[in-house]
Peer 1: 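This structure is in structure tokens; I'll ask about it shortly.
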Amino acid sequence: MWGGRFAGGPAAVMRAINSSIAVDRRLWRQDIAASKAHAAMLGAQGIISADDAAAIDRGLDAVAAEIAGGQLVEDEALEDIHMHVEHRLGELIGEAAGRLHTARSRNDQVATDFKLFVREAIDKALAAIDALEDALLDRAEEHAATIMPGFTHLQSGQPVTLGHHLMAYVAMLGRDRSRFGDARARLNECPLGSAALAGTSFPIDRDATAAALGFDRPTANSIDSVSDRDFVVDYLHAAALTSVHLSRLAEEIVLWASPQFGFVHLPDGWSTGSSIMPNKRNPDAAELVRGHCARIVGDLVALLVLLKGLPLAYAKDLQDDKPPLFDAHDLLMLSLAAMAGMVAELEFVPERMRAAAAAGHATATDLADWLAVAAGVPFREAHHIAGRVVAAADAAGKALDEMTIDELRAIDPRIGPDVLPLLSVESSVAARRSAGGTAPELVAAAVRAAREARGRR
Ligand code: ARG
């Protein structure tokens, strides 16, 4: 298709390194859609005849039907999906096919196709985030009052509710959704009509092609249009951070499913066995979500490095933009689906969580808080007194709420009997009613608010 000035053909390795059809065949639907919009515009503008435009349109439908039927024959000599489609169109409709590439270049064509693909990938990611959020909301509602240890430094700090812990991931996913939404809004300008890099002398109508393809408007600068891959970076950044969030949840599932924690039982559907140790029940899906995150972050880095130092406008380096995007998209969709499935089906073990929450005198802060509020002791001193109570409880082999009032008063006479009921883990979480806190009724309200917010979208 570009051989006019060449006497010899490309070397075999040249052909191999140049060919991208094995990767960019995934853009065929977008390529056909963009070509149909372009041909219709050329016809409407009188740049090609109405007959040619109609023949091209019918021909593209026929090519699409063939590809959908699995009949795309890959040929390295035809380089990429754009040339495969156009070549087959030529075989089907003859000379009119040669007019499709009027006022167009593969440079604006590939930018347009890829934007259409990424836009769809964003919509799929958003739907998958919603599905994971649904699973988290259901489990958070179910466990709004289930006690578990809240950790800092992976040491039990204060009791929290499992629902509240799960809602932390809903908060992360909310930001992920917003990042994908930003990426989508920024991406939605159409490069088609920028041609090779300078625009075209034909009287094209870029507003028409932009509207036909669901873009908000045409891009502003033809040079930028064919060299810009910010939209790929935006997608990959949103995907990488979403995947980091999934990886943190995956890590928690791995920890919680270990016999040492025993906070969750992984149902058979989400466990694998060991070929040598019959006792094993492995959280492979969670581990792979954690592993996939490394690859998605790598995909983001690959794109950033690809663009760095690239002079304007198009250079063939840009052909290497697709593998990282496809890879990240596939991995993210699998990860989101696996997390949604695991979260929905995890069997939590509330007794183990409660026992772990009660261990280690996790309500010592409640004692200090009581001393500060009810006895007027400055918090720093209250903290010190509570620390001595912890030491005494340890020495007596008791939990804080098992200490007698006499034992407590021996440490500080200002401690009154009304503090005792506050030292249970249930009282501790119920007391944490400050906005955004862990109290069960706040968790239930947060679940309701998240569902209402979804209804408004
Ligand atoms: N396959 C190419 C890509 O993905 C299409 C653009 C080719 N443009 C060119 N000037 N050779 O980037």
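All values reported here derive from a predicted model rather than from experimental measurement. As the structure lists them, so they are numbered: ligands from 1, and atoms in each ligand from 1.
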Peer 1: Evaluate Asp80 for polar contact with ligand 1, using N/O atom pairs at a separation under 3.5 Å.
Peer 2: yes
Peer 1: Is Lys322 touching ligand 1 with its side chain, its backbone, both, or neither, if touching means heavy atoms under 4.0 Å apart?
Peer 2: side chain
Peer 1: Okay, side chain of Ser156, backbone of Pro149: is any donor-acceptor separation there less than 3.5 Å?
Peer 2: no
Peer 1: What about Tyr169 and His245, are their ring centers closer than 6.0 Å?
Peer 2: no
Peer 1: For Arg26, run the salt bridge (charged side-chain N to carboxylate O under 4.0 Å, His left out) check against Asp113, Asp31, Asp330 and tell me which one passes.
Peer 2: Asp330
Peer 1: Identify, for atom 10 (N) of ligand 1, the protein heavy atom at the shortest distance, and state residue, atom and that distance.
Peer 2: Asn107 OD1, 3.1 Å
Peer 1: If the cut-off is 4.0 Å to any non-hydrogen atom of Ser20, which atoms of ligand 1 fall inside it?
Peer 2: 1 (N)
Peer 1: Does an N or O anywhere in Arg229 fall below 3.5 Å from an N or O of ligand 1?
Peer 2: no
Peer 1: Students should be able to answer this: which protein heavy-atom is nearest to atom 11 (N) of ligand 1, and at what distance?
Peer 2: Arg106 NH2, 3.7 Å
Peer 1: Who's the nearest protein heavy-atom neighbour of atom 12 (O) of ligand 1, and how far?
Peer 2: Tyr314 OH, 2.4 Å
Peer 1: For the rings on His82 and Trp28, is their centre-to-centre separation under 6.0 Å?
Peer 2: no
Peer 1: Evaluating non-hydrogen atoms only, which member of Met83, Gln319, Glu79 is closest to atom 1 (N) of ligand 1?
Peer 2: Gln319
Peer 1: Does the structure place the NZ or CZ of Arg119 under 6.0 Å from the centre of the six-membered ring of Phe215, at an angle of no more than 45° from the ring's axis?
Peer 2: yes
Peer 1: Using the ring of each side chain (for Trp, its six-membered ring), is Phe263 parallel, tilted or perpendicular to Phe261, with breaks at 30° and 60°?
Peer 2: perpendicular
